[in-house]
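Working notes, structure below.
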Amino acid sequence: MAKLTSELLRPVDPAHALDEAALLRYAAANVPGFPGPAPALALTQFGHGQSNPTYCIQASAPGGGTRRYVLRKKPPGVILQSAHAVEREYQVLKALGAHTDVPVPKVYCLCTDASVIGTPFYIMEYLEGIIYPDNTLPGVTPSKRRAIYFSTAKTLAAIHKVDVNAIGLQKYGRRDNYCKRQVERWEKQYLASTGEGKPARDQRMLDLARWLKENVPEEDSSAGAGTGLVHGDFRADNLVFHPTEDRVIGVIDWELSTLGNQMCDVAYSCLPYIIDATPSERTSYGGFQHTGIPDGIPQLEEYLSVYCSFSARPWPASNWKFYIAFSLFRGASIYAGVYHRWTMGNASGGERAKFVGRIANTMVDCACDFINRENVLQEQPSIGFQVSAAPWQEFGREQEGSISTKDQGKFVPSEKVMHLRKKLMKFIEDHIYPMEGEFYKRAQSTSRWTIHPEEETLKALAKKEGLWNLFIPLDSAARARKLLFEDGSLVSPGSSNDLLFGAGLTNLEYGYLCEIMGRSVWAPQIFNCGAPDTGNMEVLLRYGTKEQQKQWLVPLLEGKIRSGFAMTEPQVASSDATNIECSISRQGDFYVINGRKWWTSGAMDPRCKILILMGKTDFSAPKHKQQSMIVVDINTPGVQIKRPLLVFGFDDAPHGHAEIVFENVRVPVTNILLGEGRGFEIAQGRLGPGRLHHCMRLIGAAERGMDLMVERALSRTAFGKRIAQHGSFLSDLAKCRIELEQARLLVLEAADQLDRHGNKKARGILAMAKVAAPNMALKVLDMAMQVHGAAGVSTDTVLSHLWATARTLRIADGPDEVHLGTIAKLELRRARL
């Protein structure tokens, strides 16, 4: 079961008792902000862990005011050489806390004077959070389990992205020959903990050590990329999670940290799939691959794919056998040492420590079995995730990615994103810009409601180049992949469908790419990233059943069909979605739909096959439980497309915005999404990312306007000099750049908060971005049109169409007034707090 940090505390073991008076004197003199004067001190001990004794200090000042701290010290008695180095723990925690975004507790002081409380120690911040001692996560919902494991993988990637040179840890250890040295070290530790009056020695451990020495990967000899900061004991129960959110707030127990081959960390964190090493008196210690993976916990390949995606590291199949065997060998050596200390009476893990000798032997069994297997990891990453296929050497420290040190700035795209961004920009410049004129000609001809043949050619090329479905976030892809492909019937690794679920990007990472697509009104659909398809695919990814996903999501992901979203109604103010009047009535095995919708974008497209419609299933239910969403086949009898609507004269053919009447439209009950009364819940999940995508594209539209504006100003002469030389133009150009950069940072911050906190907690910043981006784009595009003169308001340039699109986005997905209201209410609530 999950445990709060405070639930792991117990009375101090008599063998680990401290001189509390001496500790109080030291803490009062060396811990900033320590309560005083003469605080009352309460000392308890953490029962979790078997290594360095760890205590909770609760200091209460007279008259109130209590603070908690954590003290971590070397154990008493004889210990192995180089073990329990609390000085190194303090060093790495201090560097990470001061210079990076890796979540670690703040450290206050280090005491190397053993005379104070018997051994060296340090004092750090107390984190009240959740620790998961059991890797199966009992009592946790499947979706939460998945989020916890993915957060674990992302946190490990964050550690491995740290530039140790930038934070002063370049001498924290040797990078080269890490595995070779580690095997030798742990073999010596094992020999020192066993035999000759100590616990019995297992000859197979020595045989395993010999095999490891003979099979050290070639990449281990290098000090280049793929080496860096290694935690050394990275596992779920060394992570403190936020009390209410599925994110890590503290990585603890850095005793074994050093510099070296980081894949050792990765393999060690994957051991729950191989073995359950939780100390207990049971006799079976099989991992997930033996006992079955609990519902919600990702497959091993999925977990690795998330790590590889966030760390920009290649798939580790070639040397996976070594890394797992090494992790088991090292674990067996550690547990042998813990068991030896337990027999001597100075292990800090309490009664649990007496079982670790048995686990050490089981680890040896498991390692011997593992190295004799023929296949231990699939050759390619999980479907829907894209990881680097490049060698380790291509990922140098100077290029390490989006999880950057604080000194490098917050919004620094990773190498992976920069690579995709360059490919995307080149594709647009080489293939889409040259075709814009042809697309517009067809859109203004009698064939405007048909698809230009070149569009499908470009889509196939985009898919081939890996620029397909880039909008899909990791968590949505994971759910759909599990539903659709667990039996392997729809897709196989290495097929052209591998990129159905995009490149495994976060919302922040996608922001840099979506901006590029916004430079052309035609670009998003070429990459299968156009609205409303993206929002509809997101709905089906997050909320669709397996059958709904097979029938509708897969063709959408493949780009074979398109879709529409039917929500807005002409007879009511649809900015307040509780006003909608379209009815969805249950009649036996069908729902019957009656109502009128308009501004159903995408419905005019000949490829549009489905609509996601929002209507009311229960007019008497609570206000936000009346609405439901349902999938409607556009060819169902009773669906009547009345007319295309114009946006400032643009009908946006062949995409179009339709007015549609639904008259006694009978839809199977299996088409309902998530269940009756869940429409608002789905809408909020859909609209958060969707609104942000619009903002991202608007940044790109404004950049296109800036480019065209400057090009025009440099090439045209008025009143004896270039337009670019006129003072009024220079002033306006500078103001446009300022507003564009402000809006871009706001949108990126919104994307980052959406990734870290979710749609609900990020709603304030999302609302700000949704107001700021369209207004900024309108100003920039208006200035660009002004510089172009009469040409600017014509259809001879893209400016008027970009402007018209930007203007609609002050209304679409919620008018400015609604978002301003959200921002103001949150501000008032904050003031009351």
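Interatomic distance, OG1 of T5 versus OH of Y126, reported as 5.0 Å (0.5 Å rounding). Distance check: L500 CG to E558 CD gives 5.5 Å after rounding to the nearest 0.5 Å. Interatomic distance, F150 CZ to Y307 OH, rounded to the nearest 0.5 Å: 16.0 Å. One finds the CZ atom of F241 at 9.0 Å from the NZ atom of K144 (value rounded to the nearest 0.5 Å). Rounded to the nearest 0.5 Å, atoms CG (L692) and CE (M696) are 3.5 Å apart. Here the straight-line distance linking atom CD1 of I630 with atom CD1 of I612 works out to 11.0 Å at 0.5 Å rounding.
Here the shortest heavy-atom pairing between S628 and I672 reads CB-CD1, 3.9 Å. Shortest non-hydrogen contact noted between L127 and I249 is CD1-O, 3.9 Å. In this structure, I130 and A2 approach most closely via the heavy-atom pair CG2-CB, 3.7 Å. In this structure, A503 and L420 approach most closely via the heavy-atom pair CB-CD1, 4.2 Å. Of all the heavy atoms in T534 and C529, the pair that sits closest is CG2-C, 3.3 Å. Nearest heavy-atom pair across P243 and E128 is CG-O, 3.4 Å.
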Between L377 and I324, is the side-chain contact (heavy atoms from CB on, under 4.5 Å) condition met? List the steps. CA-CA 11 Å; L377 183 68; I324 289 293; over 6 Å; no
Would you check, one step at a time, whether the test side-chain contact (heavy atoms from CB on, under 4.5 Å) holds for V266 with H160? CA-CA 10 Å; V266 181; H160 290 175; 4.0 Å; yes
Working note: K625 + D618, criterion side-chain contact (heavy atoms from CB on, under 4.5 Å); need CA distance, chi angles, decisive distance, verdict. CA-CA 8 Å; K625 296 293 184 180; D618 186 352; over 6 Å; no
Evaluate the side-chain contact (heavy atoms from CB on, under 4.5 Å) criterion for residues C514 and F471: first the C-alpha distance (whole Å), next the side-chain angles of each, then the deciding distance (0.1 Å), finally the verdict. CA-CA 8 Å; C514 190; F471 73 94; over 6 Å; no
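In this structure, T506 and F310 have side chains that are in contact, with non-hydrogen atoms separated by less than 4.5 Å. Using a 4.5 Å cut-off on side-chain heavy atoms (C-beta onward), L613 and I584 make contact. Side-chain atoms of Y591 and V669, non-hydrogen and from C-beta on, do get closer than 4.5 Å to each other. Using a 4.5 Å heavy-atom threshold, the side chains of K416 and S309 count as touching. The shortest side-chain heavy-atom distance between M537 and I472 does not fall under the 4.5 Å cut-off. No side-chain heavy atom of K154 sits less than 4.5 Å from a side-chain heavy atom of R247. At a threshold of 4.5 Å between non-hydrogen side-chain atoms, the residues L256 and I334 count as touching.
In this structure, K321 contributes its side chain and R373 its backbone to a donor-acceptor pair below 3.5 Å. In terms of modelled atom types and a separation under 3.5 Å, the side chain of N528 and the main chain of D533 share no donor-acceptor contact. With R763 contributing its side chain and K760 its backbone, the two residues share a donor-acceptor pair below 3.5 Å. A donor-acceptor distance shorter than 3.5 angstrom exists from the side chain of E7 to the backbone of L4, with no hydrogens or angles considered. When atom types are taken as modelled, the side chain of R691 and the backbone of D813 share a donor-acceptor pair closer than 3.5 angstrom. With hydrogens and angles ignored, the 3.5 Å screen pairs no side-chain donor or acceptor of K609 with any backbone N or O of L556. With hydrogens and angles disregarded, no donor-acceptor distance shorter than 3.5 Å links the side chain of Q262 to the backbone of K161. Counting only distance, with no hydrogens or angles, the side chain of R145 and the backbone of L137 share a donor-acceptor pair below 3.5 Å. A donor-acceptor pair is defined here as one N or O able to donate and one able to accept, closer than 3.5 Å; no such pair exists between the side chain of W320 and the backbone of W315. Remark: side-chain polar atoms of R586 are paired, donor with acceptor, to backbone N or O of G588 under 3.5 angstrom.
The distance between the ring centers of H231 and Y268 does not fall below 6.0 angstrom.
Checking L271, D369, L208, I371 one by one against L328, the side chain to side chain contact (heavy atoms under 4.5 Å, CB included) holds for a single residue, L271. In summary, of the residues considered (K550, Q549, Q551), a side chain to side chain contact (heavy atoms under 4.5 Å, CB included) with L553 occurs for Q549 alone.
Note on ring orientation: taking the six-membered ring where Trp is involved, the planes of Y303 and Y273 are tilted (angle from 30° to 60°). Using cut-offs of 30° and 60° on the angle between ring planes, the pair F288 and Y149 is tilted.
Note on K761 versus E245: salt bridge recorded, some NZ/NE/NH1/NH2 to OD/OE distance being below 4.0 Å.
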